[in-house]
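For ligands, and for the atoms within them, numbers begin at 1 and follow the listed sequence.
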Amino acid sequence: MVDLLELESYTNNLLDIKRFRDYAPNGLQVEGKSEVKTIVTGVTASQKLLDAAVEAGADAVIVHHGYFWKNESPVIRGMKKRRIMTLLKHNISLFGYHLPLDAHPELGNNARLGALLGISSEGVMDERELQSVGNIGTLADALSLEAFGERVGQVLQRKPLLVSGGDHPIRRIAWCTGGAQGYIDKAHELGADAYLSGEVSENTVHSARENGIHYIAAGHHATERYGVQALGEHLAGHLGLKHIHIDMDNPA
Ligand SMILES: [Zn+2]
């Protein structure tokens with residue numbers, strides 16, 4: 001059992017949240033009971049995840065996609081009301097960690113995904129950028145786009161969308177989980193053979209074809225499952241909490 005505020009300060013320090021200017025508040029977003037025994041982690045604080053967390057007896061829910069995004073309406077009605085009511089009614093806390101959970105060098109989405117795909121990381125995509133979240137690295141053996149796409153599909157259990165940038169094999173690859181397809185030009189500047197992110201836009205395809213860089217859209221949800229899971233395991237081990245990870249499938 002751990003005090004809620006202790007859990008908050010431990011996790012905020014671990015993920016170094018002060019370093020980030022983010023689109024949503026990082027840390028405790030909705031306050032529940034003051035003592036925490038069981039944590040549930042998931043990618044997004046959807047109604048389905050919250051209902052499963054209630055069922056699992058969670059005291060706190062920790063997600064990558066929480067609430068109160070900069071571009072959304074600040075009023076609490078409809079879907080948002082129902083979600084927040086579920087938390088308050090059951091006295092469950094909600095923690096959201098966005099960019100800090102993408103970027104953490106061990107527990108982060110990018111670090112975990114790179115390790116799962118067999119990429120050894122050279123470092124971040126943009127060293128001048130204090131809150132750079134993308135990584136660049138190399139594969140042990142050069143692979144064709146198709147062979148690497150096969151690996152991605154097996155690891156993530158989801159078929160990726162592949163956009164060919166030419167006939168070259170992939171050795172050096174840049175990646176950034178989630179909706180970071182816009183970094184494809186940065187990946188090209190860094191001399192990567194391929195770039196992987198979660199989503200794809202119409203213009204990503206043109207960048208890939210015209211700059212000769214392969215593009216792999218591996219799924220926003222699928223690429224962001226692993227950071228929050230690693231964080232939950234870390235917190236369970238260090239603070240003696242019970243941790244349950246709940247994956248709510250999302251094809252996007
Ligand atoms: Zn995301």
So His65 and His98, would you call those rings parallel, tilted or perpendicular, with 30° and 60° as cut-offs?
tilted
Using a 3.5 Å distance criterion without hydrogens, assess whether the side chain of Asp193 forms a donor-acceptor pair with backbone atoms of Arg172.
yes
Which donor-acceptor pairs under 3.5 Å do side chains of residues 154-163 form with protein atoms, sequence neighbours excluded?
{"residue": "Gln157", "atom": "NE2", "partner": "Gln154", "partner atom": "O", "Å": "2.8"}
{"residue": "Arg158", "atom": "NE", "partner": "Pro251", "partner atom": "O", "Å": "3.3"}
{"residue": "Arg158", "atom": "NH1", "partner": "Ala218", "partner atom": "O", "Å": "3.3"}
{"residue": "Arg158", "atom": "NH2", "partner": "Pro251", "partner atom": "O", "Å": "3.3"}

Quick one: name the protein N/O/S atoms under 2.8 Å from the Zn ion (ligand 1), chain by chain.
His65 NE2, His220 NE2, Glu224 OE1
Polar side-chain atom of His104 near backbone of Pro100 as donor-acceptor pair, under 3.5 Å
no
Look only at the side chain of His214 and the backbone of Gly165, and say whether a donor-acceptor pair between them is shorter than 3.5 Å.
yes
Is the backbone N or O of Gly134 less than 3.5 Å from a side-chain atom of Lys186, with the two atoms forming a donor-acceptor pair by type?
no
